[in-house]
Chemist: 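Starting off with a structure, shown below.
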Amino acid sequence: MAFEYAPAPESRAIVDLKSSYGLFIDGEFVDGTGTPFKSISPASEEVLAEVSEASEADVTKAVQAARRAFEKVWGPMPGRERAKYLYRIARIIAERSRELAVLESLDNGKPIKESRDVDIPLVSQWFFYYAGWADKLGYAGRGPDPQPLGVAGQVIPWNFPLMMLAWKIAPALAAGNTVVLKPAETTPLTALLFAEICQQADLPPGVVNIVTGAGATGQALVEHPDVDKVAFTGSTAVGRQIARSVAGTDKKLTLELGGKAANIVFADAPLDQAVEGIVGGIFFNQGHVCCAGSRLLVQESVYDEVLERLKRRMGTLRLGDPLDKNTDIGAINSAEQLARIRELSDVGDAEGAERWSAPCEIPDHGFWFAPTIFTGVTQAHRIAREEIFGPVLSVLTFRTPAEAVEKANNTPYGLSAGVWTEKGSRILSMAEQLRAGVVWANTFNKFDPTSPFGGYKESGYGREGGRHGLASYLKEHA
Ligand code: TAP
C-alpha cells in the first residue's frame with residue numbers, strides 16, 4: 001500500500017508552541033538549573049522546543065512548594081471546594097481538547113484520531129470522575145474520616161503522556177494531596193500545557209508542580225525524604241529500582257509496570273470482530289501500551305482463517321503523519337525505542353519464528369516500524385516472553401481452553417488479557433482462571449475512570465481508577 005504524506009499545517013497552527021519551556025513550581029514557570037534538553041517530533045525529528053531540566057535542588061523546591069500548599073491550603077480545604085477546581089480543570093481540558101490532542105500527537109507521534117478520540121476525552125473524564133469523589137471520600141473505603149497522605153511524587157512514561165498524568169493527578173488532588181509530577185523526557189510538552197491549564201483554573205500555587213528532566217530527575221523525586229507517596233508507571237526494571245529505594249521508609253508506593261498480555265481467540269468467536277480486536281489490541285498507539293495484546297493465542301481449528309483475515313486487515317492500515325486524520329499507525333516514540341523493537345524482532349528471526357510485515361512505505365525521516373506479526377512462535381521464544389512495546393504481535397496456538405489458560409498465564413507479567421468467544425460461561429470461567437488485573441471479553445484496550453486498573457506479579461501493585469484508585473492516596477485507619 002502506497003504511503004501518502006499529508007501534512008496538516010492548519011491543525012498544527014492551533015498549538016502555541018513556545019521555543020523553550022520552564023519548570024512549573026509553586027504556580028509559576030521558572031527556569032531549571034539543570035542542562036536544558038530538546039523535545040523532538042518522532043515523526044520528523046524536528047526540534048519542537050527546548051525544555052528545562054530539574055536538578056535535585058529544583059526538585060526540592062517543588063516538593064517544598066507542594067508541602068506548603070498541602071499544609072496551608074489544599075489539605076484543610078473542604079472536599080466540595082477542591083471539587084470545584086477539579087471540575088474547572090476538567091471543563092478547560094474539554095474546551096482545549098483540540099489543542100491538547102495536536103500537541104500530544106506532535107510530541108508523542110501517536111495518530112491524531114487516537115489522541116482526539118481516546119486520550120484527551122479520557123483525560124477530561126478522569127478529572128470529572130474524581131471531582132465527583134472529592135466530597136464523598138467517606139465512601140472510598142478508608143473509614144469515615146479519610147485523611148490524605150500529603151505530598152505525592154509521581155513519575156510517568158511517554159506512551160500516554162496526558163492520560164497517565166490524569167490517572168495520577170486527578171485522584172491525588174481529589175483525596176486532598178498535592179503533587180510533584182515528572183513526565184517522560186521524550187514527551188514533556190502536554191504536561192506543561194496542563195500546568196498552564198492549572199493557572200487558568202486558578203488552582204492555588206504549589207498544589208500541582210511539574211518537574212521535567214530524565215531519569216535522574218525522577219530518581220531525585222522518588223527519593224526525596226519529604227515525599228509521602230510515590231506513584232510510578234513505566235518499565236519493570238525502573239519499578240524495581242524505585243521499590244528498593246522506597247523500602248524501609250514510610251512512603252506509600254504504587255507501581256504500574258510492564259505486560260505481555262494474551263489475546264485469546266476461540267473457534268466460536270465472531271472472527272471479523274475478533275480480528276478488529278487483535279489489530280486494536282496490538283497496533284493501537286503503535287503497541288506502546290503496557291496492556292497491549294502482544295501475544296495472540298488462536299484456537300488451532302481457526303488458525304488459518306484468522307491469519308488470513310488478519311493479514312488482509314493489516315494491509316489496509318495507513319502508516320504516516322500523526323496529524324493526518326486518516327493515519328492508523330503513527331511514529332515510534334524515540335530512536336531508543338525503535339532500536340529496542342528492531343533488536344527484539346531480529347531475535348525473533350534468529351530464534352526461528354516467521355516474520356510478516358504489512359506492506360507500507362516508511363518515511364525518510366522519523367522513527368517508524370511497520371505493523372508486524374511473527375508466526376511459529378513458541379513459549380520459549382524471547383518475543384513470547386519479553387515486552388516489545390511496539391507494533392509486533394507474536395502468534396501462538398492452542399487446542400483446549402485449559403491449554404489457553406496455561407499458555408496465557410505462562411508469563412512473569414499479569415496486567416491484562418482478552419477472550420473472544422460467543423459462550424458466556426467460557427468468558428466467566430476464563431476470567432476466573434486468567435491471572436491478569438483486567439480481562440476484556442470480546443473487546444480490548446477499553447478504559448473507564450470507574451474501573452480499577454493494575455497488575456499481578458511483575459506488572460506491579462496497587463490499582464488506579466475507580467474507588468480503588470482513591471484508596472491509595474488516603475491514610476489507612478489504625
Ligand atoms: P522507564 O525508564 O521506566 O521510564 C518511565 C519514567 O521513569 C520516565 O519518566 C523516566 O524518565 C523515569 N525514570 C527513569 N529512570 C528512573 C529512575 N531511576 N528513578 C525514577 N524515575 C526514572 O521506561 P522507558 O525507558 O521509557 O522505556 C523502557 C521500556 O519500558 C519500554 O521498552 C517498555 O518495555 C517499558 N515501558 C513500559 C511502560 C508501561 S506503561 N508499562 C511505559 C513505558 C515503558 P525518562 O523519560 O527520562 O527516561
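Counting convention: from 1, in listed order, for ligands and their atoms alike. Quick note: residue numbers are just sequence positions, from 1.
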Chemist: Crowded around Asp31 CG? As in, over 12 foreign heavy atoms under 6.0 Å?
Modeler: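 At most 12 heavy atoms, drawn from other residues, nucleotides or ligands, come within 6.0 Å of this atom.
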Chemist: Over all heavy atoms of both residues, which pair between Asn263 and Gly293 is shortest? Give the atoms and the distance, please.
Modeler: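 The pair with the smallest heavy-atom distance is CB-CA, 4.4 Å.
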Chemist: Starting from atom 48 (O) of ligand 1, find the nearest protein heavy-atom neighbour and note its residue, name and distance.
Modeler: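 In this structure, atom 48 (O) of ligand 1 has Gly215 N, 4.3 Å as its nearest protein heavy atom.
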Chemist: Mind checking whether Pro188 and Asp107 have side chains closer than 4.5 Å, heavy atoms only?
Modeler: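 The answer is yes; the side chains approach within 4.5 Å.
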Chemist: Could you find the nearest protein heavy atom to atom 47 (O) of ligand 1 and give me its residue, atom name and distance?
Modeler: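 Protein heavy atom at minimum distance: Ala214 CA, 2.9 Å.
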Chemist: Ignoring hydrogens, tell whether any protein atom lies closer than 4.0 Å to atom 4 (O) of ligand 1; use the non-hydrogen atoms only.
Modeler: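 There is no protein heavy atom less than 4.0 Å from atom 4 (O) of ligand 1.
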Chemist: Can a donor-acceptor pair be found between the side chains of His381 and Ser394 at a distance below 3.5 Å?
Modeler: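 No.
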Chemist: For ligand 1, find out whether one of its N or O atoms is nearer than 3.5 Å to an N or O atom of Ile156.
Modeler: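 Checking ligand 1 against Ile156, an N or O pair does fall under 3.5 Å apart.
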Chemist: Which protein non-hydrogen atom lies closest to atom 16 (C) of ligand 1, naming both residue and atom, and how far is it?
Modeler: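 Its nearest protein heavy-atom neighbour is Val238 CG1, 3.5 Å.
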Chemist: Below 4.0 Å from any atom of ligand 1, is there a heavy atom belonging to Gly213?
Modeler: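 Contact present.
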Chemist: Under a plain distance cut-off of 3.5 Å, with no hydrogens placed, do Ser451 and Asp448 share a side-chain donor-acceptor pair?
Modeler: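 No - no donor-acceptor pair under 3.5 Å links their side chains.
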Chemist: Please examine the side chains of Arg467 and Trp133, heavy atoms only from C-beta on, and report whether any two atoms are closer than 4.5 Å.
Modeler: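 The answer is yes, as the side chains (C-beta and beyond) meet within the 4.5 Å cut-off.
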Chemist: Which of the atoms in ligand 1, numbered in the order shown and given with their element, are less than 4.0 Å from a heavy-atom of Pro157?
Modeler: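 Near Pro157, meaning under 4.0 Å from one of its heavy atoms, ligand 1 has 42 (C), 43 (C).
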Chemist: Would you say the side-chain atoms of Trp126 and Tyr130 include a donor-acceptor pair closer than 3.5 Å?
Modeler: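 No, Tyr130 and Trp126 have no side-chain donor paired with an acceptor closer than 3.5 Å.
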Chemist: Please verify the inter-ring angle class for Phe453 with Trp167; under 30° counts as parallel, over 60° as perpendicular, anything in between as tilted.
Modeler: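 Rings of Phe453 and Trp167: perpendicular, as their planes differ by over 60°.
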Chemist: Where is the nearest protein heavy atom to atom 29 (C) of ligand 1: which residue, which atom, and how far?
Modeler: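 Ranked first by proximity to atom 29 (C) of ligand 1 is Ser235 CB, 3.9 Å.
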Chemist: Output the list of atoms in ligand 1 that are nearer than 4.0 Å to some heavy atom of Gln219, sorted by atom number.
Modeler: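 Under 4.0 Å from Gln219, ligand 1 has these atoms: 18 (N), 19 (N), 20 (C), 21 (N).
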Chemist: Should you measure from each heavy atom of Asn159, which atoms of ligand 1 turn up under 4.0 Å away?
Modeler: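 In order of numbering, the contacting atoms are 40 (S).
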Chemist: Side chain or backbone, does Leu257 bring an N or O within less than 3.5 Å of an N or O on ligand 1?
Modeler: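 Yes.
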Chemist: Using a strict 4.0 Å threshold on nitrogen-to-oxygen distance, state whether Asp346 and Arg355 make a salt bridge.
Modeler: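 Yes, charged N to carboxylate O under 4.0 Å.
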Chemist: Just so I know, are the side chains of Phe29 and Gln199 near enough to count as touching, which here means a heavy-atom distance under 4.5 Å?
Modeler: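 When only atoms from C-beta onward are counted, Gln199 and Phe29 do touch, with a gap below 4.5 Å.
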Chemist: Short list, please: which atoms of ligand 1 are under 4.0 Å from a heavy atom of Val155?
Modeler: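 Under 4.0 Å from Val155, ligand 1 has these atoms: 6 (C), 7 (O), 9 (O), 12 (C), 21 (N).
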Chemist: Mind listing the closest non-hydrogen atom pair of Pro371 and Leu319 along with its distance?
Modeler: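 Scanning both residues completely, I find the closest heavy atoms to be CD-CD1, 4.3 Å.
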Chemist: Looking at ligand 1, does any of its N/O atoms fall within less than 3.5 Å of an N/O of Gln241?
Modeler: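 Looking only at distances, the answer is yes, because the N/O contact criterion of under 3.5 Å is met.
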Chemist: For ligand 1, does Met164 get within less than 4.0 Å through its side chain, its backbone, both, or neither, judged by non-hydrogen atoms?
Modeler: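 Neither; nothing of Met164 gets under 4.0 Å from ligand 1.
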Chemist: Students should be able to answer this: which protein heavy-atom is nearest to atom 39 (C) of ligand 1, and at what distance?
Modeler: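 Its nearest protein heavy-atom neighbour is Cys290 CB, 3.5 Å.
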Chemist: Report the distance from atom NZ of Lys110 to atom OG of Ser115, rounding to the nearest 0.5 Å.
Modeler: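 Going from the NZ atom of Lys110 to the OG atom of Ser115 covers 7.0 Å.
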Chemist: Which ligand 1 atoms are under 4.0 Å away from a heavy-atom of Trp158?
Modeler: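 Reading through ligand 1 atom by atom, the close ones are 24 (P), 26 (O), 27 (O).
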Chemist: Looking only at N/O atoms, are Phe389 and ligand 1 under 3.5 Å apart anywhere?
Modeler: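 N/O-N/O distance below 3.5 Å does not exist for this pair.
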Chemist: Counting only heavy atoms on the protein side, is anything nearer than 4.0 Å to atom 25 (O) of ligand 1?
Modeler: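 False for atom 25 (O) of ligand 1.
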Chemist: Quick check: does Glu185 get an N/O under 3.5 Å from an N/O on ligand 1?
Modeler: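 Yes; the residue has a nitrogen or oxygen that sits under 3.5 Å from a nitrogen or oxygen of the ligand.
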Chemist: Numbering the atoms of ligand 1 from 1, which are under 4.0 Å from a heavy atom of Thr233?
Modeler: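 Counting from 1, the qualifying ligand atoms are 5 (C), 40 (S).
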Chemist: Taking the six-membered ring of Tyr456 as reference, does the NZ or CZ atom of Arg435 fall below 6.0 Å from its centre and within a 45° cone about the axis?
Modeler: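 That pair qualifies as a cation-pi contact.
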Chemist: For the residue pair Ser334 and Thr186, confirm or rule out a side-chain donor-acceptor distance under 3.5 Å.
Modeler: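 Not at all, the side chains of Ser334 and Thr186 share no donor-acceptor pair under 3.5 Å.
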Chemist: So between Glu386, Lys260, Gln337, whose heavy atom ends up nearest atom 31 (C) of ligand 1?
Modeler: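 Comparing heavy atoms across Glu386, Lys260, Gln337, the nearest one to atom 31 (C) of ligand 1 lies in Gln337.
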Chemist: When rounded to the nearest 0.5 angstrom, what is the spacing between OG1 in Thr190 and CD in Glu99?
Modeler: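 Rounded to the nearest 0.5 Å, the OG1-CD separation comes out at 11.5 Å.
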Chemist: Can you tell me which residue and heavy atom of the protein come closest to atom 11 (O) of ligand 1, and the distance to 0.1 Å?
Modeler: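 Residue, atom and distance for the closest contact: Lys182 NZ, 3.1 Å.
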Chemist: Can a non-hydrogen atom of Phe232 be found less than 4.0 Å from any atom of ligand 1?
Modeler: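 Per 4.0 Å heavy-atom rule, Phe232 contacts ligand 1.
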Chemist: Go through ligand 1 atom by atom and flag the ones less than 4.0 Å from a non-hydrogen atom of Glu387.
Modeler: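 Selected atoms, number and element: 33 (C), 34 (O), 35 (C), 37 (C).
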Chemist: Please identify which atoms of ligand 1 are closer than 4.0 Å to at least one heavy atom of Gly218.
Modeler: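 Atoms satisfying the 4.0 Å criterion: 19 (N), 20 (C), 21 (N).
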